[in-house]
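Read through the structure below, which is laid out as structure tokens, and then see the notes.
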Amino acid sequence: MSYVFPPPAPVSVPVVGLTERFAVHRIYCVGRNYEDHALEMGHTGREAPFFFLKPADAVLVAEPGSMAVMPYPTLTSNLHHEVELVVAIGVGGSQILAADAHQHIYGYAVGLDMTRRDLQNDMKKQGRPWCIGKGFDHSAPIGAITPAAQVPGIGQAEIALQVNGIDRQRSTVAQLIWNIAESIEQLSAAWTLQPGDLIYTGTPAGVGAVLRGDTLTGTIAGLPSLQVRVE
């Protein structure tokens, strides 16, 4: 098959202990999925889950043992960090029951849902889609994926983010409003999940702005940490 221009190389993420890489299909994000974060954003309660997407090439990979460099994005003066557990899907499907969700999970990673908060808030006020606040270049930093069998306690793991060595976010995955399995059930009712999909599962309280020169360190117990420098 020939193309009018060379197609881009597949977007991929390293896998702990393997030379093979995880090819990315889509990026799904779960909104307001920690109660304390929902409260700080002006919302309360266990609302119905909602989702938004980022382009696959929004991925910014931190290779093992290295720090990813994120250019400060255009059009914003209020870039926010949101540390998240990322679920990597290895077996696709639709209408997946929560009880069966674990069969579809390949592994887990630390991710950041970077947000142009000023643009997002402006779009919200106008009742318009806020893709411009979420789906921009380099907006989905991620570390190496750890196969699920190696982190059996991920549902209780501590999750945290430090900026320049100072705590900004700290919680546990157990505090998710909609847990991993429930999120997969809800998500797969709306889209057919495919191998290569990444699900950013939500962020705890403490989101805030970062500046050029800041170093972000995201950690989840049992997974390789994620380091990103904003330039």
Side-chain angles (χ1 to χ4, degrees), residues 13 22 24-41 43-56 58-59 82-115 130-131 134-135 139-143 145-161 169 171-207 218 220-223 226:
V13 181
F22 183 91
V24 178
H25 177 246
R26 289 178 181 168
I27 301 173
Y28 298 98
C29 302
V30 187
R32 293 199 299 261
N33 203 23
Y34 282 80
E35 185 175 4
D36 54 2
H37 175 59
L39 289 169
E40 74 177 350
M41 300 300 287
H43 302 270
T44 60
R46 184 180 164 96
E47 61 184 324
F50 70 93
F51 309 98
F52 58 92
L53 284 78
K54 293 176 182 266
V59 158
E82 299 187 11
V83 67
E84 311 208 0
L85 171 68
V86 181
V87 177
I89 296 297
V91 177
S94 63
Q95 305 290 333
I96 299 167
L97 297 177
D100 300 326
H102 66 282
Q103 300 174 24
H104 296 260
I105 298 172
Y106 177 81
Y108 304 97
V110 181
L112 286 168
D113 167 18
M114 301 302 290
T115 303
W130 31 272
C131 315
K134 288 287 192 178
S139 62
I142 189 171
I145 295 170
T146 300
Q150 298 180 26
V151 278
I154 197 67
Q156 305 295 320
E158 183 177 63
I159 178 172
L161 181 89
Q169 296 182 265
S171 186
T172 68
V173 176
Q175 297 305 308
L176 285 168
I177 296 172
W178 297 92
N179 64 33
I180 296 166
E182 291 170 331
S183 293
I184 290 173
E185 179 176 80
Q186 296 281 347
L187 190 59
S188 68
W191 292 275
T192 298
L193 296 181
Q194 301 288 347
D197 286 342
L198 298 174
I199 304 171
Y200 281 60
T201 57
T203 195
V207 302
I220 297 176
L223 303 178
L226 168 62

Between Ala157 and Ala221 the two heavy atoms that sit nearest each other are CB-O, 3.7 Å

Closest non-hydrogen contact found for Gly135 with Pro55 is O-CD, 3.5 Å

So side chain to side chain donor-acceptor pair (under 3.5 Å) across residues 186-199, not counting sequence neighbours, yields His25-Asp197

OG (Ser183) and CD1 (Ile177) are apart, to the nearest 0.5 Å, by 10.0 Å

Worksheet item: Do Val83 and Leu226 come close enough that some side-chain heavy atom pair is under 4.5 Å?
Response: no

Between the OG1 atom in Thr172 and the CD1 atom in Ile159, the distance rounded to the nearest 0.5 Å is 9.0 Å

One should read off an interatomic distance between Ile184 CD1 and His104 NE2, to the nearest 0.5 angstrom, of 8.0 Å

Here the gap from Ser139 atom OG to Ile27 atom CD1, rounded to the nearest 0.5 Å, amounts to 7.0 Å

Across all chains, not counting sequence neighbours, the ring-ring contact (aromatic ring centres under 6.0 Å, His included) partners of Phe22 are Tyr106

Closest heavy-atom pair, Ala98 versus Ala181, reported as atoms and distance to 0.1 Å, is O-CB, 3.4 Å

Sequence neighbours excluded, the answer for salt bridge (charged side-chain N to carboxylate O under 4.0 Å, His left out) partners of Asp113 is Lys54, Lys134

Interatomic distance, CG@Leu53 vs SG@Cys29, rounded to 0.5 Å, equals 7.5 Å

Using a 4.5 Å cut-off on heavy atoms from C-beta on, say whether the side chain of Val207 contacts that of Thr115. no

### Query
Is there a donor-acceptor pair closer than 3.5 Å between any side-chain N or O of Glu182 and the backbone N or O of Asn179?
yes

Review point. With distance as the sole test, does Glu84 use its side chain to make a donor-acceptor pair with the main-chain N or O of Gly202 at under 3.5 Å?
Key: yes

Do Ile154 and Ile220 come close enough that some side-chain heavy atom pair is under 4.5 Å? yes

Output for pair (Tyr108 OH, Ile145 CD1), nearest 0.5 Å, gives 12.0 Å

Exercise. Under the 3.5 angstrom rule, does the side chain of Gln169 hit a backbone N or O of Leu161 as a donor-acceptor pair?
Worked result: no

Is any side-chain heavy atom of Leu85 less than 4.5 Å from a side-chain heavy atom of Leu223? yes

- Query: Does a side-chain heavy-atom distance below 4.5 Å link Phe51 with Ile199?
  - Reply: no

* Can you find a pair of side-chain heavy atoms, one from Leu176 and one from Tyr34, that are under 4.5 Å apart? -> yes

